[in-house]
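In what follows, a structure is listed as structure tokens, so that the remarks can point back to it.
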Amino acid sequence: MDPAEAIRKRIRLVPGADGRKRHLMHPFNGRFHPVDHAALEALVQVMVPRIDVSAIDYVLGFPEGGSIPAYAFGRAVDRPVILASRLPLGLPDTIAFEQPGARLGTTQYLYGLRAGDRVMVFEDELTNGHTAVNAARALRGAGIEIDQIAALFVIDHPALWRRISAERLTLHVGVTLPCDYAPRALEGETD
């Protein structure tokens, strides 16, 4: 069995405490159970040859779930990793972007980047693409080059693909999941 299919079988949705939002549970989360390092490494190794990192200076990860996958990918391709934070600091060259629907604060901050840097985002999951697009726009606005996003899991929804394409981003996918795996309803999602 290929690594993607083996991992797909281990993914499930669990309800949040309020019963409204569901959460994607997978072996790379680390918040709800130990990270399965071997499975994460296997999926990252499947993705590495598909992603050209020759023009990438940094791999970016977003909290919480994207931090561990970004680190694993950055290590596999020998690129430094920069993690976004929800902590606002008074540092120069701060880049801020919104994560719509986040319950722990919607603004994320990136530090340590300069105009001309070349980056890619490596996420654990993409549901509708809003956060990735917001980050790409903020990065470009700061003079940072970005044209690639990668995610371990992507919800296969037409609005996501249109949104990513309209932003001129290439999306690299480890495992594609059907719409019923989305943490929240995607019916009516539009650009």
Side-chain angles (χ1 to χ4, degrees), residues 1-11 24 26-30 35-84 95 97 99-100 108 110 113 117-140 144-179 181-183 186 189 191:
M1 180 180 308
D2 87 271
E5 186 56 33
I7 290 164
R8 188 178 291 113
K9 290 179 181 231
R10 297 176 60 192
I11 298 170
L24 200 60
H26 53 76
F28 319 125
N29 193 299
V35 173
D36 183 338
H37 300 284
L40 175 59
E41 191 171 303
L43 184 55
V44 166
Q45 289 305 320
V46 166
M47 295 177 73
V48 165
R50 294 190 253 149
I51 303 172
D52 180 7
V53 296
S54 61
I56 300 296
D57 299 313
Y58 302 103
V59 175
L60 307 182
F62 302 157
E64 298 172 329
S67 299
I68 292 171
Y71 175 77
F73 182 77
R75 190 156 163 85
V77 297
D78 196 29
R79 294 295 185 279
V81 175
I82 294 178
L83 301 176
I95 300 168
F97 62 95
Q99 179 183 1
Q108 293 198 37
L110 287 163
L113 293 168
D117 285 342
R118 303 163 307 170
V119 304
M120 71 171 292
V121 170
F122 199 98
E123 273 279 53
D124 61 334
E125 63 186 75
L126 285 181
T127 300
N128 59 32
H130 288 297
T131 301
V133 165
N134 290 347
R137 289 176 180 166
L139 288 159
R140 289 173 176 158
I144 310 297
E145 295 178 35
I146 178 168
D147 62 6
Q148 297 184 80
I149 303 245
L152 297 176
F153 309 109
V154 171
I155 303 298
D156 192 13
H157 191 275
L160 165 73
W161 295 105
R162 284 191 303 270
R163 195 169 287 118
I164 295 297
S165 176
E167 201 60 37
R168 299 174 327 277
L169 293 165
T170 299
L171 176 57
H172 305 281
V173 179
V175 178
T176 303
L177 300 173
C179 288
Y181 278 80
L186 294 176
E189 268 285 313
D191 295 288

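Source: prediction; values computed, not measured.
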Closest non-hydrogen atom pair, [X] against [Y]:
X: L169; Y: A136; answer: CD1-CB, 3.9 Å
X: R163; Y: G129; answer: CD-C, 4.0 Å
X: G61; Y: A70; answer: CA-CB, 3.5 Å
X: P63; Y: S67; answer: CA-OG, 4.0 Å
X: M47; Y: A151; answer: CE-O, 3.5 Å
X: I56; Y: R79; answer: O-NE, 2.7 Å

Give a yes or no on whether E41 atom CD has more than 12 heavy-atom contacts from other residues, nucleotides or ligands under 6.0 Å away.
->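 No, because the 6.0 Å sphere around CD of E41 holds 12 heavy atoms or fewer from other groups.
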Can you say whether the rings of F28 and F153 are parallel (under 30°), tilted (30 to 60°) or perpendicular (over 60°)?
->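 Parallel, since the angle between the ring planes stays under 30°.
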Evaluate the side-chain proximity of [Y] to [X]: yes if any heavy-atom separation is below 4.5 Å, no if none is.
X: L139; Y: L113; answer: yes
X: W161; Y: L171; answer: yes
X: V77; Y: I51; answer: no
X: V133; Y: I164; answer: yes
X: H26; Y: I7; answer: no

Would you compute the distance between atom [atom1] of [X] and atom [atom2] of [Y] and round it to the nearest 0.5 angstrom?
X: L126; Y: L152; atom1: CG; atom2: CG; answer: 10.0 Å
X: I155; Y: N128; atom1: CD1; atom2: CG; answer: 10.0 Å
X: D36; Y: R10; atom1: CG; atom2: CZ; answer: 4.5 Å
X: L60; Y: I82; atom1: CG; atom2: CD1; answer: 6.0 Å
X: R162; Y: H157; atom1: CZ; atom2: NE2; answer: 7.5 Å
X: Q99; Y: Q108; atom1: CD; atom2: CD; answer: 4.5 Å

Qualifying residues under salt bridge (charged side-chain N to carboxylate O under 4.0 Å, His left out), relative to R8, sequence neighbours excluded =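 So R8 forms a salt bridge (charged side-chain N to carboxylate O under 4.0 Å, His left out) with E5.
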D57: what forms a salt bridge (charged side-chain N to carboxylate O under 4.0 Å, His left out) with it, not counting sequence neighbours?
->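 For D57 the salt bridge (charged side-chain N to carboxylate O under 4.0 Å, His left out) partners, ignoring immediate neighbours, are R118.
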What pairs meet the salt bridge (Lys or Arg N to Asp or Glu O under 4.0 Å) rule with one or both residues in residues 165-178, with sequence neighbours excluded?
->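 Residue pairs with at least one partner in residues 165-178: R137-E167, R140-E167.
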Checking side-chain contact (heavy atoms from CB on, under 4.5 Å) for the pair F62/D124: CA distance, chi angles, key distance, verdict?
-> CA-CA 9 Å; F62 302 157; D124 61 334; over 6 Å; no
Main-chain N/O of D52 paired with Q148 side-chain donor or acceptor, under 3.5 Å |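 Flag set: sc Q148 to bb D52 pair under 3.5 Å.
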Show your reasoning for whether side-chain contact (heavy atoms from CB on, under 4.5 Å) applies to F97 and L110.
-> CA-CA 9 Å; F97 62 95; L110 287 163; 3.8 Å; yes
